[in-house]
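Since the structure comes first, as C-alpha cells, the remarks are kept for the end.
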Amino acid sequence: MTVAVYPGSFDPVTLGHMDIIERTARMMDHVIIGILQNNSKTPLFSVGERVKMLEEITSHIKNVEVRSFDGLLVDFVHKCRANVIVRGLRAITDFEYELQMAQTNRVMAPDIDTIFLTTNLRYSYLSSTTVKEIAYFHGKLEAFLHPNVAEKVRQKVEELHQTSDM
Ligand code: PNS
C-alpha cells in the first residue's frame with residue numbers, strides 16, 4: 001500500500017494545492033495532508049481552522065485524510081507509516097528550496113522518497129501569500145480559492161481590519 005504525505009502550511013489552501021491533492025489521490029492508495037504547526041511565519045488561520053477547512057473541501061475524496069504535525073516532517077511521515085512525500089513545483093524558483101528539503105529529508109530518512117508534481121499551469125503563479133495580499137485589499141478571490149475558503153478568508157481579513165481600526 002502506498003501512503004503519501006502532502007505537507008505544507010496551507011494558510012490558506014489554494015486551488016493550486018487542491019489540484020495537487022486530487023492528482024495525488026488518484027495515484028496513491030492513501031494521502032495524508034500534513035499541516036505544520038510550529039511554523040515561524042505568523043499564520044492568518046490557526047492550525048485547527050486550517051484542518052477544518054481542508055477536511056471540508058476534500059470530503060469528496062475518500063482516500064484523503066487531514067492531520068496536523070509538529071517537529072520534523074520525516075518523523076511525522078514515519079508516524080503515518082507513509083513512504084512518500086509529495087510536493088508541488090510551480091516554477092524553477094521553487095526548485096532550489098525543494099531540492100534542499102528533499103535531499104536533507106532523504107539523509108535523515110533514506111526509506112522515504114520525495115516526489116514532485118508540476119503544478120497545473122493555471123496555478124503556476126499562485127501562492128497563499130499573494131492570495132492573502134489580494135484579500136487584504138478586498139480583491140476577488142474566487143479564481144484562486146474554493147468558495148468556502150474564499151468566504152473564510154474574507155471574514156478573517158474583515159476581523160483584522162476591524163481590530164486595526166480600534
Ligand atoms: O507550505 P510550505 O510552508 O512551503 O511547507 C513547508 C514544510 C511544512 C513542508 C517544511 O517547512 C517542513 O517540512 N517543515 C517541518 C520541519 C522539518 O522537517 N524541517 C526539515 C526539512 S529540511
Side-chain angles (χ1 to χ4, degrees), residues 2-25 27-28 30-58 61 64-136 141 144-146 148-150 152-153 156-157:
T2 312
V3 180
V5 169
Y6 178 39
S9 306
F10 305 104
D11 184 47
V13 55
T14 67
L15 292 180
H17 295 129
M18 271 308 286
D19 174 60
I20 300 282
I21 294 166
E22 280 165 357
R23 285 158 59 202
T24 305
M27 287 188 293
M28 304 288 170
H30 193 66
V31 182
I32 298 163
I33 301 169
I35 305 176
L36 180 67
Q37 277 183 22
N38 64 348
N39 206 327
S40 53
K41 305 171 195 167
T42 309
L44 184 61
F45 290 98
S46 71
V47 170
E49 288 171 323
R50 281 178 270 162
V51 168
K52 215 165 145 228
M53 265 190 284
L54 269 150
E55 279 176 347
E56 228 175 81
I57 67 170
T58 59
I61 318 173
V64 169
E65 183 188 341
V66 185
R67 292 194 203 172
S68 58
F69 75 100
D70 209 349
L72 287 178
L73 174 59
V74 289
D75 291 340
F76 175 66
V77 175
H78 282 146
K79 212 162 105 192
C80 293
R81 298 187 181 285
N83 26 26
V84 174
I85 295 169
V86 175
R87 293 284 288 172
L89 274 183
R90 288 169 300 185
I92 196 78
T93 43
D94 281 342
F95 187 71
E96 201 169 323
Y97 168 66
E98 293 297 336
L99 185 66
Q100 186 185 10
M101 216 161 53
Q103 299 291 37
T104 310
N105 284 335
R106 192 152 171 74
V107 171
M108 289 192 287
D111 55 321
I112 300 170
D113 269 306
T114 299
I115 64 166
F116 296 105
L117 293 190
T118 51
T119 304
N120 184 324
L121 269 183
R122 200 177 146 79
Y123 307 122
S124 60
Y125 55 87
L126 186 56
S127 76
S128 298
T129 307
T130 313
V131 163
K132 281 183 274 196
E133 190 163 307
I134 295 169
Y136 193 78
L141 298 170
F144 313 112
L145 302 178
H146 184 286
N148 297 10
V149 177
K152 290 202 171 75
V153 171
K156 186 65 91 174
V157 167

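Counting starts at 1 for both ligands and their atoms, following the listed order.
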Part of Leu36 with heavy atoms under 4.0 Å of ligand 1, whether side chain, backbone, both or neither: side chain
Ligand 1 versus Tyr6: contacting region, heavy-atom distance under 4.0 Å: neither
query: How are the rings of Phe69 and Phe76 set relative to one another: parallel (under 30°), tilted (30 to 60°) or perpendicular (over 60°)?
result: parallel
- prompt: Is Asn105 close to Ile112 at the side-chain level, that is, under 4.5 Å between some pair of heavy atoms?
  reply: no
- prompt: Considering distance alone, does some N or O of Gly8 sit under 3.5 Å from an N or O of ligand 1?
  reply: no
message: Are Val13 and His146 packed together at the side-chain level, in the sense that at least one heavy-atom pair is separated by less than 4.5 angstrom?
response: no
- request: Report, in ascending order of atom number, the atoms of ligand 1 lying under 4.0 Å from any heavy atom of Asn105.
  value: 21 (C)
- request: Run the numbers for me: atoms of ligand 1, each under 4.0 Å from some heavy atom of Gly71, listed by number.
  value: 15 (C), 16 (C)
message: By the side chain to side chain donor-acceptor pair (under 3.5 Å) test, which pairs, at least two apart or in different chains, include something from residues 80-90?
response: Arg87-Glu98, Arg90-Asp94
- request: Heavy-atom distances under 4.0 Å are what count here, so tell me which part of Arg87 touches ligand 1: side chain, backbone, both or neither.
  value: side chain
message: Do Phe116 and Leu89 have side chains that approach each other closer than 4.5 Å (heavy atoms only, starting at C-beta)?
response: yes
Any residue meeting side chain to side chain contact (heavy atoms under 4.5 Å, CB included) with Lys156, in chain and number order, not counting sequence neighbours: Leu44, Phe45, Glu49, Glu159
message: In this structure, does ligand 1 have an atom that sits under 4.0 Å from one of the heavy atoms of Phe76?
response: no
task: Would you check the N or O atoms of Ser9, main chain and side chain alike, for any that come under 3.5 Å of an N or O of ligand 1?
output: yes
- prompt: Just wondering, do Leu117 and Met27 contact through their side chains at under 4.5 Å, heavy atoms?
  reply: yes
- prompt: Touching ligand 1 at all, Gly34? Heavy atoms, strictly under 4.0 Å?
  reply: no
- request: Identify, by atom number and element, the atoms of ligand 1 in contact range of Tyr97, meaning under 4.0 Å from any of its heavy atoms.
  value: 6 (C), 11 (O)
Asp70, Thr114, Leu72, Asp11: member with heavy atom nearest to atom 19 (N) of ligand 1: Leu72
- prompt: So, are Lys79 and Asp75 salt-bridged, with charged N and O less than 4.0 Å apart?
  reply: no
- request: Please confirm whether Thr104 comes within less than 3.5 Å of ligand 1 when only nitrogen or oxygen atoms on both sides are compared.
  value: no
